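Source: prediction; values computed, not measured. For the numbers below, each heavy atom of this structure counts, side chains included, while hydrogens, waters and symmetry mates do not.
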Amino acid sequence: MSSQPVRGGCRGRGSGCSAPGNPNPGTELLERWGRETAVRFLRLSLQMAQWEMLQNLDSPFQDQLHQLYSDSLLPVDIRQYLAVWIEDQNWQEAALGNDDSKANMLFFHFLDQLNYECGHCSQDPECLLLQHNLRKFYRDIQAFPQGPTQLAEMIFNLLLEEKRILIQAQRAQSEQGEPALGPPVESQQHEIESRILELRAMMEKLVKYICQLKDQQDIFSFRYKTQTPVRTPSLDPRQTKQQQLLQETLNELDKRRKEVLDATKALLGRLTTLIELLLPRLEEWKVQQKKACIGAPLDVGLEQLEKWFTAGAKLLFHLRQLLKELKGLSCLISYQNDPLTKGVDLRKAQVTELLQRLLHSAFVVETQPSMPQTPHRPLILKTGSKFTVQTRLLVRLQEGNESLTAEVCIDSFRKFNILTSNQKTLTPEKGQSQGLIWDFGYLTLVEQRSGGSGKGSNKGLLGVTEELHIISFTLKYTYQGLKQELKVDALPVVIISNMNQLSVAWASVLWFNLLSSNPQNQQFFSSPPKAPWSLLGPALSWQFSSHVGRGLDTDQLSMLRDKLFGQNSGTEDALLSWSDFTKRESPPGRLPFWTWLDRILDLVHDHLKDLWNDGRIMGFVSRRQERRLLKKTISGTFLLRFSETSEGGITCSWVEHQDDDKVLIYSVQPFTKEVLQSLPLTKIICHYQLLTEENIPENPLVFLYPRTPRDEAFGHYCQEKVNLQERRKYLKHKLIVVSNRQVDELQQPLELKLEPEVGLSEPEPGLELEPLLEAGLDLGPALEPLPDPTLGVASQSGAKPDLGPELKLEPVLRPMAQPEPEPDLPHDLRHLNTEEMEIFRNSMKIEEIMTNGDPLLAGQSTMEEAYIFHPSHFYTDGPLIPSDY
């Protein structure tokens, strides 16, 4: 026989107990109702669509669901028919709570629901099978050995298993790169928030139970100490009543200790489930961070995870303190078969193990190692140069008088010394204001030249840019008496000694983070796997979106895929080896694919960023596609594309339709960074001049593909500020690019091509006025000052035409009628007397005027770009033959 539980409040002992009963019971009831309403709302937002989401899963997960209900006493058709009602009930409290009244209430409500639905189905003859199952289950659950409790536990476990299947399905979809189901992602966040609220409510309930246990123990201690000592058996009714009352008090104490221990077990189980939900979210963030290092967007930060991890750790540390209090109560009063004797130690060990797991996972590298001069290319370090790295502990709990110190070390193929301090100390003040963040901002690596190879020496097997080095961080963490040594590794880094190695080193970082499943695999490049285009294509687009601002569209990626694999490899399953990506030169003398692409990336970043982001540059388009696009447009339509043969160059191609229906395609020799450093591409396009047969300059670039007027597309880039004071002193001049087209050259015999198209390859720079005057040339009468004296003069070749590298023509062009010179001249040249300048037509060569060569083309190869279609960068007559790795 035992008495009812003591309902009085705690008598104010210990930090884990609350104050005595609230003087306003209505206020306490409202607060409790508010907490329960919030938990119920979050649970409903999570579970209302649970069964509906289960119906949309792929076959493997549908099989798991069928297997789950094939082993269950609850028929799946009843689960589906009563889905809304089942998911609306609080089965957790009925299954895990210490009060059986909740389970009993749900049990009888369930019977009423079955009876009501059975009567409703009896009116519909098509629901005969469902009516039979409803009646059968109505009888079956009344025969359960444990009745209401067994029903509550069964349905609660089924709902948990359903959630587990949903989470697995979501992870599988995210790993395959498919868009994850919307509801499960949101439901995970709602579930975590719901769990934290439920755990806080359970913790409050446990604190109240412990306070009641302390009261009961005080009552037992008082009655035990005040009872009359019994030396000999006596029939005194008073002594007998005292003994009975003391035994009842002990029975009640034992019952309350078991209830408290059961409550700690339930709380620990729910905490374990919370940790199981948090750790996968952290792993997803690490995967995103790994991709973000090679350019992918990182959408989620660590702030939300820090909030959840800290809340979970607080609950675990609080439970650990409550278990210490229970251990103290057990030491004060102990008896035979005391449940606290062994139960508390077991729970404390489980809590400590869970805390260790949480803390070791919560220590992360928030910002991977990178050099300040190359922030867009992390994980590449140069010896002798500073680099930064940042670590963070997501459990934001620190003792008020305890500083935390993190230490960094490196484990690599070669031995390195870390200059400056390899330790960082975080004071409680900084930890409270900024979080537990250790920012190593001034680290420098210096290679040891003597003493042999470092740990894991790999002499001769890997190049410097293929060696992967691991930087590790160690933190000695102490909180509430728990001491742990936490360790975390950064992603592998490549260490170079010269900035010329940066491009190839970045290719190594890209390949590793894209394909490696083990972030600590330092031997990855001993046998690097091949990359499928389904992964490589998006990664190439990330290089532009992260460094320049706009990624590659479908057409541009298609051109790159054809360049790598040939036009016949249109599948996403095409594989590319590491050597073909970075090393193989095919045909001989050409740049490897990655070197070619990286030079284009630098060109866009340094000189073409605005044009690229505004969509003015088509960029990656093959010659065949260029012909196909331009031949369908009107004359003067042009596009900008990257050269496939030059080392980081961009060219301009335009179309002209002849009277005999021939289509001519012209291409200017590619402009490299040496040219664009002196003259921006926007000004080249706006002021570009092509000399006609009569040496009259005109700008053939009229419409940007498909039909955007040139001035509308590029005019706002070329606006210049006018200095009126300087304008009064000097004649204004400008640099322009000029190409010539002579009648004699156009009449040379040509090879027969399938399509009558022309490629114009080499530009000639525009000439300023002063070089002509210095050459002693007679320019006719003196110029009169004009309001806007802008002058651009072009020179042509001598009398004997020499095609050379300047012009590559395919069809025979018919001479065009000589136009009137004045209307075709630029506005600022129309005042010139062209008749008196006829002496320059065939008597002067450009080499005589510019004896030192073209300053705009200094350092640029004059080799013309072959106007032949190359379906692949790696072959001329046949498809690429994959290498061994």
Just jot down the side chain to side chain contact (heavy atoms under 4.5 Å, CB included) partners of A311, sequence neighbours excluded, or say none.
I196, R200

With a 3.5 Å distance limit and no angle check, can you tell me whether S194 reaches the backbone of H190 through a side-chain donor-acceptor pair?
no

Does either side chain, that of R396 or that of T310, offer a donor lying less than 3.5 Å from an acceptor on the other one?
no

Above 12 or not: heavy atoms from other molecules or residues under 6.0 Å from NZ of K286?
yes

Qualifying residue, where the test is salt bridge (Lys or Arg N to Asp or Glu O under 4.0 Å) with E276 and the options are R164, R195, R357, R270:
R357

Can you see whether R281 engages Q189 through a side-chain donor-acceptor pair at a distance of less than 3.5 angstrom?
no

Crowded around K258 NZ? As in, over 12 foreign heavy atoms under 6.0 Å?
no

Which residues pass the side chain to side chain contact (heavy atoms under 4.5 Å, CB included) test with Q484, sequence neighbours left out?
Q356, L359, H360, L482, L486

Partner set under ring pair (Phe, Tyr, Trp, His ring centres under 6.0 Å) for Y479, not counting sequence neighbours
F317

Residues in side chain to side chain contact (heavy atoms under 4.5 Å, CB included) contact with V76, at least two apart in sequence or another chain:
W51, Y69

Residues passing the side chain to side chain contact (heavy atoms under 4.5 Å, CB included) test with K265, sequence neighbours excluded, are R347

Tell me whether W91 contacts the main-chain N or O of I86 through its side chain, where contact means a donor paired with an acceptor under 3.5 Å.
yes

Taking ring pair (Phe, Tyr, Trp, His ring centres under 6.0 Å) as the definition, give me every residue that meets it alongside F110, ordered by chain and number, with sequence neighbours left out.
W85, F137

